[in-house]
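A short write-up of the structure that comes next.
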Amino acid sequence: MDENSNKAEKHGSSGRKRAPAMEAGRRREMIVSAALPLVVEYGAAVTTAQIARAAGIGEGTIFRVFSDKDALLAACMDAAVRPDDTVAHLEAIALEQPLEERLHQACEVLRGHMNRIGQVAGALAAVGKLDRMRRPEAGAKGEMPDREAGLAGPRAALAALFEPDRDALRQPPERLAAVFQMMLLASGRPGTAEPLDNDELVGLFLHGAVRAPGAPEGGA
């Protein structure tokens, strides 16, 4: 057997090198990461072939870790909702900055998370897929996971942003974090006619609804 035959035998009859083995959980994450922007762009019409190309894998590899395309779409929705990255970004905000700047940065992080959820959910709901889709961790009736579970992590990270100013606060950091989170969620709710921007939201939260005497309109 010549040298070329040996190489073909080692790498398969096509001569293509096999992708290195990857732990199933890591491969699953990689596929979902590649699929998310495509789901936002194409919704449920995205094909597994498109996802495979974006992930740089064979289409059959997808079905080694997902039972079907619906299971992959459900995993994409889970990834969009999961707050892990959001919490990590909140925890990375420098506490040496003034509280107002910390809250501005927190707004950016949390709005980004909310936008991602909205984009993925909207893309799937546009074709009625979201209602029919069973979430992997859903109960027997397919109900959505507890919303509170997705809010608790970011709320704790927000509370840590208030902590350096505890002595100057009117309420404990944990309570202020809950109120700030509720304000942010309400201001970004779909259908809000004129949602507050970050400056308006943080200013209203820190300084209240009434201007100080002599303060310009829109100021504290």
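The shown structure was predicted, so the numbers you read here are calculated from the model rather than taken from an experiment. Residue numbers count from 1 along this sequence.
M182 and V87 fall into different hydrophobic clusters, where Ile, Leu, Val, Met, Phe, Trp and Tyr side chains are chained together by heavy-atom contacts under 4.5 Å.
Of the inter-residue distances, the one linking L72 atom CG with I51 atom CD1 reads 4.5 Å to the nearest 0.5 angstrom. Between the CD1 atom of I62 and the CZ atom of R28 there is a distance of 12.0 Å, given to the nearest 0.5 Å. The distance from atom CG of L184 to atom CG of L110, rounded to the nearest 0.5 Å, is 5.5 Å. Note that CE of M183 and CG of L204 are 4.5 Å apart. Values are rounded to the nearest 0.5 Å. Separation of atoms CD1 (I31) and CG (L36) is listed at 12.0 Å; rounding is to 0.5 Å. To the nearest 0.5 Å, the span separating CE on M30 from OG on S33 amounts to 9.0 Å.
Between P154 and L90, the closest heavy-atom pair is O-CD1, 3.8 Å. Closest approach of V120 to M77, counting heavy atoms only: CG1-SD, 4.0 Å. When all heavy atoms of A75 and F66 are compared, the pair lying nearest together is CB-CE2, 3.6 Å. The two residues A35 and C76 make their nearest non-hydrogen contact at CB-SG, 3.7 Å. The two residues E163 and P173 come nearest to each other via the heavy atoms OE1-CG, 3.5 Å. In terms of heavy atoms, P164 sits closest to L95 at CG-CB, 4.1 Å.
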Between F205 and L176, does a side chain to side chain contact (heavy atoms under 4.5 Å, CB included) hold up when you go through it step by step?
-> CA-CA 9 Å; F205 179 81; L176 291 174; 4.1 Å; yes

Determine, stepwise, if the pair V179 / Q171 fulfils side chain to side chain contact (heavy atoms under 4.5 Å, CB included).
-> CA-CA 10 Å; V179 174; Q171 297 287 338; over 6 Å; no

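When the options L158, D85, T86 are evaluated for a side chain to side chain contact (heavy atoms under 4.5 Å, CB included) with V109, the one that passes is T86. Here the options are R53, K69, E59, the test is side chain to side chain donor-acceptor pair (under 3.5 Å), and the partner is T48; only E59 passes.
At least one side-chain heavy atom of L201 sits less than 4.5 Å from a side-chain heavy atom of R111. For the pair F162 and P172, the minimum side-chain heavy-atom distance is 4.5 Å or more. Counting only heavy atoms from C-beta outward, the side chains of V81 and R116 never approach each other to under 4.5 Å. Between P83 and R155 the shortest side-chain heavy-atom distance does not fall below 4.5 Å.
When the shell of 6.0 Å around NE2 of H89 is examined, it contains 12 or fewer heavy atoms from other residues, nucleotides or ligands.
A donor-acceptor distance shorter than 3.5 angstrom exists from the side chain of E200 to the backbone of D197, with no hydrogens or angles considered. Of the possible donor and acceptor atoms, none in the side chain of E101 sits under 3.5 Å from a partner among the backbone N and O of P98. Using modelled atom types, one side-chain atom of R102 and one backbone atom of Q97 make a donor-acceptor pair closer than 3.5 Å. Side chain of Q181 to main chain of L151: a donor-acceptor pair is present (N/O by atom type, distance under 3.5 Å, no hydrogens or angles).
Ion pair E174/R166 flagged as a salt bridge, since at least one NZ, NE, NH1 or NH2 atom sits closer than 4.0 Å to an Asp/Glu carboxylate oxygen.
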